[in-house]
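Step one of this worksheet: look at the structure below.
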Amino acid sequence: MSSRTLPLLFINLGGEMLYILDQRLRAQNIPADKAKKVMNDIITTMFNKKFLEELFKPQELYSKKALRTVFDRLAHASIMRLNQASMDKLYDLMTMAFKYQVLLCPRAKDILLVSFNHMDAIKDFVKDTPSVLSQVDETYRQLIEMYTPLSSGEFQLIRQTLLIFFQDMHIRVSIFLKDKVQNSNGRFVLPISGPVPHGTHIPGLIRMFSCNGEEVKRLQFRNGGNYTGVLREGSFEMFGERVIKLGTNMYSVSRPVETHMSGTSKNSATERTISPNPLAKEELNMLARLMGGMEVQKPGNADSGFRVNLFATDEEEEEALISRPDEFSYDVIKIQATKNQQANAELVKIMGDFTEEAGEPCSSSANSKGDDLLAMMDGL
Amino acid sequence: MYHKEKSIQMKSSASALYNNLSVLRIAPRSLTYFTVVHANMVNMVSASWDGLNYSHRQLQSKEANVATSSSLIMQAAWCVLPSRDILVLTSQKGIQMYESDGSIMVYWHALDTPETQTAQAVFARGIAAVREKYICVGISSGSMLVFDVPIKGSNITLSEVLEEHKESITDLASECSGSLECIADMVSADDSGNLCVWKSGEDFQLLNKIPGFDMSCSSVKLWKGTVVAGYGTGQIRLYEAVTGIVHAEVNAHARWIYSLDIAPFSGLLLSAAEDSLVRVWHLTMTPETNSVEVTSQTIPGRNLTTPRTHRQTLTASLPLSPSRSCTCITSV
C-alpha cells in the first residue's frame, strides 16, 4: 500500500531491539565496554549511509521473512551472538511492541512522534561517539523531510499498511499482560479514557444549524467513556518534547522480558497463503544483502565474542527452541553475516540462480527484482 | 428494540481498512451475504436467515501470486443495480467485478502502475452503484472511473473518467433513500476532506464541491439529499448536498471514523470508529425548515460497546432494508 512505510518500520523495530538488548546486556552483567561496543556496532550498521539511502526509497514493505532476515543480520553486526530461540524471542518482543505502539497511537501522524522517541533514545545510546551521532542526526533530517509534509490521510495509509503487516500476530508479552494493555487472547485493549488526540473534540455534543449558518440547537449525549481533555501536540523537530510516551523505553533491569507461547490460539500466526514464487522463496532483499556485506570490526581475539540469552537460563532457552509451535516459526534464511569464502560462495550460487530466472520471460515486477539484486551484487 | 443475534465467524481476521464490511440481503432466498477484506483476499460468507446454514468462500486479489504485498485489496462492496448485483473488489492492481455470489469474475480493469515505484501509492478505493447502470470506483490519484454495466453479461465498459479530486478517493456513496426526486445521485470524498456531489448520466455532472478542512473524510453516505460524512477527527458532519449548507456537526468519536451506514427507511445512522465504539444515531428531516435533526440513540438493555477486556477496532454496516438489524465486525 503506502510506499513510505519501510523506514518507519525499520527504525522503530530497530529501536525496540536496542531497548531489549540494552536490558539483557545489563541483566547479564556484560562488561560495560563490551556492551557499549555492541550497541555502537549495531547502531552504526543501522544508520549506514548506503543502507539508509536504500531504505528511504519508495517501495512496498518486504515480506515478514525478508524483514526478519534483515534483523537477524543486524543483531549479529557485532561481537554478540544470539541462539535461534533468543533471536526468535527478541523478534517477537520487537514486533509486538511496535504493533502495540501503532495501534495505540492517538493520531496516525503520531507514529512519527513514536519514531522520534526511538530516535531520541538511540541518540542517547551513542552520544559519546561523534561519527555515529552525525549519521543519526542525518536520519532525523531525512525523517523530517520525508514525513512532516504528509497529510493525515497519507499517515493513516501508512498506519493501515503497518497494521496489515502485523495482522494476526497475537504473541502475549508479559509486560503488556501485567499492565492490562493486552488481553489473554493476545489482543490489545483500546482505552476509552484519557485525553483525546490533538485535533479531536471530546465526544458528546451535537450541534444543529439553520440555513444561514446559525446554531439553532444543541444536544448532549453520554459518550460512554471517561475522556479527560485534549492532548497537546508533540514536537516534530529534531529536539523537543514529544508528548506521546509510546516508543520510549519500557524495559528496565527489574522488568523481565517475557513472552508466552502456550495457550496462544493456533489461528493467530498463519502466513498468508500465496502461490510460491521462485524468487520470493529465496528472497534476499537488498537491505539484507547490504547488511551482510558491511565491514564489521571483528576482534582478533576470539574470546571477545559472547552470547546473549533472552531467557533466564540456558536450559530455558533450549527448552524454548524445542517447544516453539510450528506456526510461530519464522523460517529464516540462514546465511552467515561474515565474509568468509564459504558464505560468499553460497551467496554467489544463489545469485546465479537469480540470473537464470531473470533471463526467462516473466512478469515485469519479478524481472526488476532480479535486476536490482544483480546490480547490488555488482556494487558489493 | 435491539437484540444481538448469533455471531458469525469469518475465516480470517478483518484488515484495518475503511468501510471493510459489505452486506447484501437476498430476500427471495432468505440469505444474507457478508464480505470482509483480509489483506489480499476477500472472505465471503452466506448466512441463511434461520441461522442454520453458513457457506464460506474466499476470493483472491488478481495477480496475487506475482508479488507479495503489492496486491492488497483496499475494499470489497456489493453494487445493487435493478437487474443484477455485482461484487466489486478494488486493489493495488485494479478493479475486479464478480457476479452476485462471487463465483464468476465478469470484468477486470487494470490500473496504470508506473514502472518504478513512486512515493505516491497506487490503488483503487471507493465503490458505488449509481442509478440503473453505473458503477463508480475511486482511484488514489483522485480520479474516479465510471463503468457502464449492461443488464446481463460481461460487456462492462469504462464510460467516463471524472477528474475533480486532487487527493486519494476514500469513499463513494450514491443516494440510498430510493427517492427519484433527489437531484444529487452520488457523493465522493477524499483524503483532504473535500466532497464532490454529482448527477449521473452519459456525462456525469458536478453539482457542488464542499471543501474539507485538511482532515480526511473516510466514510460518506447520501440520504435524501443530505451528505453524511465521517472524518479522521471523529466528527460527523451533515451537509445539504446541492448547496453545501451545514445541517449538523456531531463530536461523535474520540478516534478516526472507519465506517458509516444508513438504514434508509428508518433514518438510523450507524458510525464505527477506532475508539472501539459503534454508535447509533437517528436522523429526522424537516423539509419545511430544510433542517435535519440528529439524536443519539441509546440501546436499552444492551450496550453495543464491548466490555473493556475485549475492545478492538470495529467497522460496521447496516443493510439497506426496512429491518433494523445491523452488523458489526471486530478487526485486529
Side-chain angles (χ1 to χ4, degrees), chain A residues 1-4 57-63 106-108 151-154 156-157 159-160 163-165 167-168 170 183 187-190 192 196-197 199-211 213 216-217 219 221 223-225 227 267 270 272 274-275 277 280 363-366 368, chain B residues 12-13 15-17 38-41 64-70 72 92 115 117-119 121 123 167-168 170 191-192 214-216 218 232-235 245-256 274-277 289-296 303 305 308-313 332:
Chain A
M1 285 170 32
S2 174
S3 56
R4 296 184 182 99
K57 279 189 194 154
Q59 58 195 306
E60 293 286 337
L61 278 189
Y62 289 149
S63 69
R107 299 174 305 174
S151 67
S152 63
E154 282 167 307
Q156 183 65 273
L157 189 68
R159 186 167 176 283
Q160 289 175 342
L163 288 176
I164 291 173
F165 183 81
Q167 193 164 353
D168 300 326
H170 300 302
N183 293 329
R187 270 75 170 170
F188 291 115
V189 176
L190 300 177
I192 53 169
V196 295
T200 292
H201 298 283
I202 295 178
L205 183 63
I206 305 170
R207 299 169 71 198
M208 285 161 276
F209 304 92
S210 70
C211 297
V216 295
K217 194 167 179 188
L219 283 178
F221 65 90
N223 62 33
Y227 300 109
N267 283 332
T270 48
R272 245 151 253 149
I274 297 164
S275 321
N277 167 18
S363 82
S364 60
S365 64
S368 62
Chain B
S12 48
S13 58
S15 289
L17 296 163
H38 174 101
N40 60 346
M41 271 191 329
N65 57 354
V66 169
T68 50
S69 72
S70 63
L72 294 173
Q92 293 179 275
E115 262 299 310
Q117 184 84 50
T118 52
F123 55 83
E167 302 293 325
S168 297
T170 46
D191 254 345
S192 59
D214 268 336
M215 171 47 63
S216 180
S218 36
T233 48
Q235 221 181 40
I245 294 171
V246 180
H247 282 309
E249 202 176 82
V250 186
N251 296 338
H253 289 276
R255 293 287 191 282
W256 203 290
E274 281 186 333
D275 60 0
S276 80
L277 299 176
T289 54
N290 189 21
S291 66
V292 181
E293 177 160 306
V294 185
T295 49
S296 167
N303 200 344
T305 68
R308 183 175 202 272
T309 50
H310 296 289
R311 213 167 285 121
Q312 297 145 17
T313 331
V332 280

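A, B, ... follow the sequence lines: proteins, then strands. Residue 1 opens every chain.
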Nearest heavy-atom neighbours spanning A:Met1 and B:Gln92: N-NE2, 2.9 Å
Closest non-hydrogen atom pair between A:Gln167 and B:Ser13, with its separation: NE2-OG, 2.9 Å
Option in A:Arg159, A:His201, A:Gln156, A:Lys217 with maximal non-hydrogen atom pairs under 4.5 Å from chain B: A:Gln156
Top contributor to chain B interface from A:Gly213, A:Ser151, A:Ser2, A:Pro106 [non-hydrogen pairs under 4.5 Å]: A:Pro106
Atom group of B:Ala119 that falls short of 4.5 Å from chain A, counting heavy atoms: both
Interatomic spacing from OG in A:Ser152 to CG in B:Asp214 - rounded to 0.5 Å: 7.5 Å
Heavy-atom pairs under 4.5 Å with chain A, option from B:Ala248, B:Ala121, B:Ala252, B:Ser216 with the top count: B:Ala248
Chain B contact via A:Ile202 - side chain, backbone, both or neither, heavy atoms under 4.5 Å: backbone
Residue pair A:Phe209, B:Ile245: steps toward the side-chain contact (heavy atoms from CB on, under 4.5 Å) verdict: CA-CA 9 Å; A:Phe209 304 92; B:Ile245 294 171; over 6 Å; no
Candidate pair B:Leu17 and A:Gln160, rule side-chain contact (heavy atoms from CB on, under 4.5 Å), full reasoning: CA-CA 7 Å; B:Leu17 296 163; A:Gln160 289 175 342; 4.2 Å; yes
Set of salt bridge (charged side-chain N to carboxylate O under 4.0 Å, His left out) partners for A:Arg207, sequence neighbours left out: A:Glu215, B:Glu249
Main-chain N/O of B:Thr233 paired to A:Thr200 side chain as donor or acceptor, under 3.5 Å: yes
A:Gly153 to B:Asp191 - nearest heavy-atom pair and separation: CA-OD1, 3.3 Å
B:Ser276 versus A:Leu190, closest heavy-atom pair with distance: CB-CD1, 4.1 Å
Point-to-point distance, once rounded to the nearest 0.5 Å, from OG1 of B:Thr118 to CZ of A:Arg4: 8.5 Å
Spatial distance of atom CG (B:Asn251) from atom CZ (A:Phe221) [nearest 0.5 Å]: 7.5 Å
